[in-house]
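Keep in mind that the numbers below use all heavy atoms, side chains included, and drop hydrogens, waters and symmetry copies.
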Amino acid sequence: MPEHSSRLEKLRFLLRVQEQQLDVTRRWIADEERREAERAQGERARPPQPDWVLELGIGVGSRPVEVHVGHCHAIGRRRKPLTRDQAVSALGEGVEACTHCRPDTELGLL
């Protein structure tokens, strides 16, 4: 009889371990669901991408670097969203057009 009881104790121990592992997995799932909800909320709260962007120079009062189309991959970190008229004006005042996204072509200036 002791052998049978020992086997039963082992199975009950295994059950407790598996229940603990299941609890851990449920917490991982809940954490991931929370992170996904936070990411989705962040996406919804993100302002829309501007149509035109002015890449700014370093330092106060420095000249702007380039005008970009809003989706350009080459825009630097220092940036300012522009309206279409502001982009045309900046290009007309001598700010360079990005050679990757060609905002001057997009604006019909070439």
Side-chain angles (χ1 to χ4, degrees):
M1 202 71 151
E3 186 176 311
H4 176 71
S5 176
S6 174
R7 180 170 165 75
L8 185 56
E9 288 175 12
K10 290 176 184 176
L11 289 171
R12 286 186 176 142
F13 174 76
L14 176 61
L15 178 63
R16 285 192 307 272
V17 169
Q18 289 174 329
E19 286 173 342
Q20 289 172 349
Q21 290 174 337
L22 187 57
D23 287 342
V24 168
T25 302
R26 285 185 175 129
R27 280 195 304 268
W28 289 346
I29 289 170
D31 290 344
E32 189 59 29
E33 288 172 339
R34 187 186 80 262
R35 281 190 290 272
E36 284 184 9
E38 289 170 354
R39 277 192 292 273
Q41 180 182 359
E43 288 293 321
R44 288 189 302 274
R46 180 178 292 169
Q49 185 179 59
D51 292 332
W52 312 101
V53 175
L54 182 65
E55 184 177 346
L56 303 172
I58 297 174
V60 177
S62 64
R63 286 193 40 83
V65 178
E66 290 179 320
V67 175
H68 298 269
V69 176
H71 60 78
C72 181
H73 68 279
I75 303 171
R77 291 182 183 222
R78 295 171 313 279
R79 57 179 75 189
K80 174 184 171 187
L82 298 176
T83 64
R84 182 183 198 290
D85 291 342
Q86 290 171 323
V88 169
S89 177
L91 291 168
E93 293 170 6
V95 177
E96 295 291 321
C98 173
T99 58
H100 297 278
C101 63
R102 300 308 311 188
D104 46 357
T105 302
E106 290 285 324
L107 290 163
L109 301 176
L110 282 182

Q: Share the residues that join Val17 in a hydrophobic cluster, the rule being Ile, Leu, Val, Met, Phe, Trp or Tyr side chains under 4.5 Å apart at the heavy-atom level.
A: Phe13
Q: Could you grab the distance from atom CD of Glu36 to atom CD of Glu33, nearest 0.5 Å is fine?
A: 7.5 Å
(Q) Let me confirm one number: the CZ-CG distance from Arg12 to Leu15, rounded to the nearest 0.5 Å. (A) 9.5 Å
Q.
Counting only heavy atoms from other residues, nucleotides and ligands, does the tally under 6.0 Å from CZ of Arg39 exceed 12?
A. yes
**Q.** Cluster link Leu109 to Leu54, ILVMFWY, side chain under 4.5 Å
**A.** yes
Q. Which value, rounded to the nearest 0.5 Å, describes the distance between Arg27 atom CZ and Asp31 atom CG?
A. 8.5 Å
**Q.** Arg35 vs Glu32, salt bridge (Lys or Arg N to Asp or Glu O under 4.0 Å): CA-CA, chis, key distance, verdict
**A.** CA-CA 5 Å; Arg35 281 190 290 272; Glu32 189 59 29; 2.9 Å; yes
Expected list for residues 65-86: side-chain donor-acceptor pairs under 3.5 angstrom, two or more places apart:
residue : atom : partner : partner atom : Å
Glu66   : OE1  : His68   : NE2          : 3.3
His68   : NE2  : Glu55   : OE1          : 2.8
Arg78   : NE   : Leu56   : O            : 3.3
Arg79   : NE   : Gly76   : O            : 3.2
Arg79   : NH2  : Gly76   : O            : 3.1
Thr83   : OG1  : Gln86   : N            : 3.1
Thr83   : OG1  : Gln86   : OE1          : 3.3
Arg84   : NH2  : Leu107  : O            : 3.0
Gln86   : OE1  : Thr83   : N            : 2.8

Q) Is Arg46 paired with Glu43 through a side-chain N to carboxylate O contact shorter than 4.0 Å? A) yes
Q | Residues, nucleotides or ligands: over 12 heavy atoms within 6.0 Å of Gln41 CD | A | no
Q. Is the number of heavy atoms from other residues, nucleotides or ligands within 6.0 Å of CD1 (Ile58) greater than 12?
A. no
Q) Quick one: CG on Leu11 to CZ on Arg16, what's the gap to the nearest 0.5 Å? A) 11.0 Å
Q.
Quick one, Arg26 and Leu22 - any side-chain contact, counting heavy atoms below 4.5 Å?
A. yes
